[in-house]
Amino acid sequence: MKLMTVIGARPQFIKAATVSRVLAAQYPAAREILVHTGQHYDANMSDVFFDELDIPRPDHHLGVGGGSHGQNTGRMLEKLDALIIQEKPDWVLVYGDTDSTLAGALAAAKLHVPVAHVEAGLRFFNRRMPGEINRVLTDHVADLLFAPTRVAQHNLQKEGVVDSKIHVVGDVMYDASLYYKALARKPEWFDALGIEDFVLCTIHRAENTDDAHRMQGILSGLAESSLPVVLPLHPRTRKQLAQFRLSLPDTIRVVEPVGYLEMVWLESHCRLVVTDSGGVQKEAYFYGKPCVTLGDETEWVELVDVGVNVLVGADRKRIVAGISQVDLAEFEANGLYGRGDSVQRILERLFVRASSCAAV
Ligand code: UDP
């Protein structure tokens, strides 16, 4: 069984590390070909994850990054098409909702190579979000759709995806949180900040970073936080802040993006998370921290339903109210995202399908 995994962005490195570790340990007959599209290329957005999460060096690096969505997707598609013809994988495995996800799925589907999609069925119900188009199209060319939640399963059913392709397996990020929690590492710079309690913040979604008005609203809201805000600054956000000539309020301590093990430490030790990241919203829940989400919608609706996540858009007043209203008490995560065995379930299903295809 030859499996081609296509990844390119920070959250995909973490998810793939979690799956590939179990694959290598428990399925020795499988051969994984790892393809890095190059979508994220900075050392602290890419290399650090390969180093600290023990991800093998990619078999192929496509070096595509830095362009527009159309340019990136098109270049990846062309290169992946050639690679799939050369490598002849039995399956192509893609994660999440980035341009790398769509390019991997589309290249494989056009060559009649079956596609498995991890994190299938999540929807913002907002087609202006770049990830939404990638998700919908990937789900509709995939052969195996691994949905993390029942909500994701229902979204797929409503779009007419046949039941036999959909498997609710829980969330691989939950598996990752269980495994990496014990390896969490305090950032070297943390003590020098001279703070104890803090709000952890991340901002990177295009609908925020590409809009000066929204960014100003977010910064004004964070300026009123009674606790210091630690902000590992995404390169795109840094670039946009400079372009809009926006300055950061004194409450915010800016640091470089951190590796995953340091991020897990920050998430486990903060008082509250404020973020527009899908992954970080869930991790806040895994580590029992309340979350204020800088957006008008979330794909992780169950967090809002159970009251541990509030959506505040990018509006100063709503952010201030969200930070003060959110119940600051910690809580126990209680199984919204599976039992921590989603990697096992994905691989079992993949191998059952692979052997039944081979038997035909
Ligand atoms: N993350 C990290 N370092 C950081 C910020 C985030 O390791 O400085 C991790 C975070 O813990 C989560 C993942 O990156 O696992 C989320 O990625 P991102 O926010 O870029 O994407 P999204 O989840 O919104 O797709």
Side-chain angles (χ1 to χ4, degrees), residues 3-25 32-66 72-73 76 79-80 83 92-105 116-120 122 130-131 134-135 138 146 148 171-181 183-185 187 202 204-205 232-237 256-267 275 277-283 286 342-343 346-347:
L3 182 70
M4 180 182 279
T5 298
V6 180
I7 52 178
R10 175 168 70 183
Q12 293 166 335
F13 306 141
I14 299 161
K15 291 164 202 164
T18 311
V19 174
S20 300
R21 187 168 39 77
V22 179
L23 178 71
E32 184 179 32
I33 318 266
L34 199 57
V35 183
H36 187 331
T37 61
Q39 189 178 335
H40 282 171
Y41 44 83
D42 292 350
N44 55 15
M45 296 293 289
S46 175
D47 299 355
V48 64
F49 296 95
F50 283 79
D51 293 341
E52 69 179 18
L53 306 184
D54 283 333
I55 310 173
R57 290 288 121 197
D59 298 278
H60 303 279
H61 199 297
L62 306 185
V64 177
N72 284 348
T73 312
M76 288 175 198
K79 292 188 175 195
L80 284 164
L83 211 50
V92 168
L93 179 62
V94 294
Y95 294 88
D97 67 351
T98 72
D99 294 341
S100 304
T101 316
L102 176 60
H117 183 205
V118 175
E119 276 200 350
L122 298 169
N134 293 335
R135 287 171 170 174
T138 299
F146 294 118
D171 195 317
V172 293
M173 293 300 283
Y174 183 48
D175 294 25
S177 75
L178 296 175
Y179 182 80
Y180 289 109
K181 192 174 182 173
L183 304 175
R185 204 167 51 217
T202 73
H204 78 290
R205 283 210 183 279
L233 195 55
H234 191 287
R236 181 173 57 234
T237 317
E256 289 296 316
V258 293
Y260 184 60
L261 303 182
E262 292 183 343
M263 190 65 182
V264 170
W265 188 91
L266 292 167
E267 288 168 336
T275 189
S277 155
V280 176
Q281 287 173 57
K282 264 180 307 164
E283 286 165 353
F286 300 151
S342 63
V343 173
I346 286 169
L347 292 176

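Because the structure is a prediction, the values reported are computed rather than measured.
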Walk me through whether T275 and Q281 qualify under side-chain hydrogen bond (donor to acceptor under 3.5 Å, both in side chains). CA-CA 7 Å; T275 189; Q281 287 173 57; over 6 Å; no
A side-chain contact here means heavy atoms from C-beta on lying under 4.5 Å apart; do V35 and M4 qualify? yes
Distance in Å, R236 CZ paired with R205 CZ, rounded so as to fall on 0.5 Å steps: 9.0 Å
Please answer whether the main-chain N or O of L233 pairs with a side-chain N or O of T237 as donor and acceptor at a distance below 3.5 Å. no
Applying the side-chain contact (heavy atoms from CB on, under 4.5 Å) test to E262, which of P232, P257, P187 qualifies? P187
Hey, what do you get for CD1 (I55) to CZ (F13), rounding to the nearest 0.5 Å? 7.0 Å
Determine whether T138 and T101 satisfy the following criterion, side-chain hydrogen bond (donor to acceptor under 3.5 Å, both in side chains), listing intermediate values before the conclusion. CA-CA 7 Å; T138 299; T101 316; 5.7 Å; no
Check the pair Q12, T98 against side-chain hydrogen bond (donor to acceptor under 3.5 Å, both in side chains), reporting the backbone distance first and the verdict last. CA-CA 9 Å; Q12 293 166 335; T98 72; 2.9 Å; yes
Say you draw a straight line from CD1 of I33 to CG of L3; how long is it, rounded to the nearest 0.5 Å? 9.0 Å
Pair K79, T37 - check side chain to side chain contact (heavy atoms under 4.5 Å, CB included), show working. CA-CA 9 Å; K79 292 188 175 195; T37 61; over 6 Å; no
Which salt bridge (charged side-chain N to carboxylate O under 4.0 Å, His left out) pairs, counting each pair once, include a residue from residues 9-22, with sequence neighbours left out? K15-E119
To the closest 0.5 Å, what do you measure between CG (N134) and OG (S100)? 9.0 Å
Worked check of side-chain hydrogen bond (donor to acceptor under 3.5 Å, both in side chains) between D171 and S342: CA-CA 6 Å; D171 195 317; S342 63; 5.9 Å; no
H36 vs F50 aromatic rings, parallel, tilted or perpendicular, using cut-offs 30° and 60°? parallel
For the side chain of H117 and the backbone of Y95, is there at least one donor-acceptor N/O pair under 3.5 Å apart? no
Restricting to ring pair (Phe, Tyr, Trp, His ring centres under 6.0 Å), what partner residues turn up for Y180, sequence neighbours left out? Y260
Donor-acceptor pair, E52 side chain versus L261 backbone, under 3.5 Å? yes
Any idea which heavy atoms bring L122 and P148 closest together, and the distance? CD2-CG, 3.9 Å
Under the 3.5 angstrom rule, does the side chain of D175 hit a backbone N or O of V343 as a donor-acceptor pair? yes
Using the test ring pair (Phe, Tyr, Trp, His ring centres under 6.0 Å), find all partners of H204 that sit at least two apart in sequence or belong to another chain. H234
With distance as the sole test, does Q39 use its side chain to make a donor-acceptor pair with the main-chain N or O of G65 at under 3.5 Å? no
Distance col, row E283:CD vs T202:OG1, nearest 0.5 angstrom, shows 9.5 Å
